[in-house]
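Reckoned from all heavy atoms, side chains included, excluding hydrogens, waters and symmetry mates. Reminder, nothing fancy here: chain letters follow the sequence lines and each chain counts from 1. In this text, all values refer to a predicted model and were calculated from it rather than measured experimentally.
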2 protein chains.
Amino acid sequence: MTPTTETLTAERILEATEEVLRRHGPAKATVVDVARALGVSHGSVYRHFRTKAALREAVTKRWLDRTSASLTGIVAEARDPEARLRDWLAALFTAKRRKAGDDPELFATYQVLTGENVEAVGAHITDLTGQLTRIIRDGADTGAFTVTDPPTTARAVFHATARFHDPGYAQDWDQPDIDAQFEAVVELVVRGLRA
Amino acid sequence: MTPTTETLTAERILEATEEVLRRHGPAKATVVDVARALGVSHGSVYRHFRTKAALREAVTKRWLDRTSASLTGIVAEARDPEARLRDWLAALFTAKRRKAGDDPELFATYQVLTGENVEAVGAHITDLTGQLTRIIRDGADTGAFTVTDPPTTARAVFHATARFHDPGYAQDWDQPDIDAQFEAVVELVVRGLRA
DNA sequence: CAGCTGACAGATTTCAATATCTGTCAGCTG
DNA sequence: CAGCTGACAGATATTGAAATCTGTCAGCTG
């Protein structure tokens, strides 16, 4: 669409791919479309990404990483672990809910992409449970939580709150009492962690 | 397949429909197939079910009700509520896991059917959380659990354990550490309930 | 005459021909 | 000569005509 004289980089291709996915959706977005948007031939795209699948995987990773990055701040804070845990879970829920609510079509597009890239999703979940592990370990160290194995407990907390971050439940996130449901689960989980 | 002289009842039609669904899958199972299996014309099936959708809904309800029924025994027992809660959750997980593992194709068929009949699924969930509410209320009464609003807490417990009964997670149920994951979540939840 | 049949209209699905896309690579270009 | 192009073969998707299915109902049958 805006052919420039700038060098063709992986980054520029990823940007263009996101735009094409947003416009055409996951089923109709083709490598030819991406090349056209960049004003190059589709052969050039294959110089940077071996296959269409690799290109889509890279876009998916970028998108997932942006979500993780927005939460690292809470992990690093030097505050009461219980408050940090509550804030982290609420921030994750809020972020996901906003993405699903603000642009449902784009969200659906990324649901298709994550379905194609189970491995990237696995890495993302490892990343998120790693963040949770740090908070829970802090809580165990300060004595706020009673936990024998922080990584296992972090995974348990992540699974127990899945309803509020797993995209598969997105259709429930505009129920009127969803916040009350969230509070009830968080309360149950936090009580289960306390000393 | 086995044309009998017996009267055509809703029950016999449901039986035949299950069989046709098992044989042909949800996409190819037609009302004509069901009629053929019963040795009648398809017009006769429409005498008992107004539409194909109504027929499939009835089959779905029957299937869901069979699952709920298998758990009522645990609810009614006069034992330690915590043990009953653990047993109930384990029984639900075991039942679902067996269904998914024993006949994956049939399980996939019912996943399609439940997707078509969100309302019936809602009723099923209400049924299950109702059973949970009874156990949790017993726990509150005996002082084993500290709970202010049993129905709300029951829903929270149900949501927190979704990974182990929601069919959407069936693909994870044969992970080698799934039992450890289940134990970790149940432990967290039970600790959250205790006085 | 209660219950069933089967022909029918409109909706949906299937299938095969056609078009488009993916991934490669020999050669062009700046 | 590094990076890009565009023609190509095989794979995948689209399309529209034909086949099948859904739901109705007038009339048949036991």
Notebook entry, point to check: In whole angstrom, what separates His48(B)'s NE2 from dT5(C)'s C1'?
Noted result: 15 Å
Check: Pick the nucleotide of DNA chain C nearest each of Leu8(B) and Ala27(B); which residue has the one closer to the 5' end?
Finding: Leu8(B)
Check: With sequence neighbours left out, which residue pairs that include part of residues 37-53 of chain A fulfil the salt bridge (Lys or Arg N to Asp or Glu O under 4.0 Å) condition?
Finding: none
Next item on the list: Write down the atom of His124(B), the atom of Ser68(B), and the distance for their closest heavy-atom approach.
Entry: CD2-OG, 3.0 Å
Can you give me every donor-acceptor pair (side chain of residues 53-61 of chain A, partner residue at least two apart or in another chain, under 3.5 Å) with its distance?
from	atom 1	to	atom 2	distance (Å)
Arg56(A)	NE	Glu116(A)	OE1	3.0
Arg56(A)	NH1	Pro26(A)	O	3.2
Arg56(A)	NH2	Pro26(A)	O	3.2
Arg56(A)	NH2	Glu116(A)	OE2	3.0
Glu57(A)	OE2	Lys61(A)	NZ	2.9
Thr60(A)	OG1	Arg56(A)	O	2.7
Thr60(A)	OG1	Asn117(A)	ND2	3.4

Next item on the list: Ignoring backbone atoms, establish whether Ser41(B) has a side-chain N or O less than 4.0 Å from OP1 or OP2 of dT5(C).
Entry: yes
Check: For residues 127-152 of chain A, which residue pairs qualify under salt bridge (Lys or Arg N to Asp or Glu O under 4.0 Å), counting only residues two or more places apart or in two chains?
Finding: Arg84(A)-Asp138(A)
Notebook entry, point to check: Can you list every pair that meets salt bridge (Lys or Arg N to Asp or Glu O under 4.0 Å) and has a residue in residues 87-114 of chain A, with sequence neighbours left out?
Noted result: Arg79(A)-Asp87(A), Arg97(A)-Asp179(A)
Notebook entry, point to check: Under 3.5 Å, side chain of Arg12(B) to main-chain N/O of Thr7(B), donor-acceptor pair present?
Noted result: yes
Check: Which nucleotides of nucleotides 21-30 of chain D have their base under 4.0 Å from a protein heavy atom (B), which only their sugar-phosphate (S), and which neither (-), written as one string 5' to 3'?
Finding: SBBB------
Notebook entry, point to check: Do you see a donor-acceptor pair shorter than 3.5 Å between the side chains of Asp33(B) and Thr30(B)?
Noted result: yes
Check: Based on Watson-Crick and G-U pairs with both distances under 3.5 Å, what dot-bracket line describes DNA chain C 5' to 3', crossing pairs as [ ] and inter-strand pairs as |?
Finding: ||||||||||||||||||||||||||||||
Item checked: Verdict with reasoning, Arg163(A) to Val185(A), per side-chain contact (heavy atoms from CB on, under 4.5 Å) -> CA-CA 10 Å; Arg163(A) 179 172 173 81; Val185(A) 170; over 6 Å; no
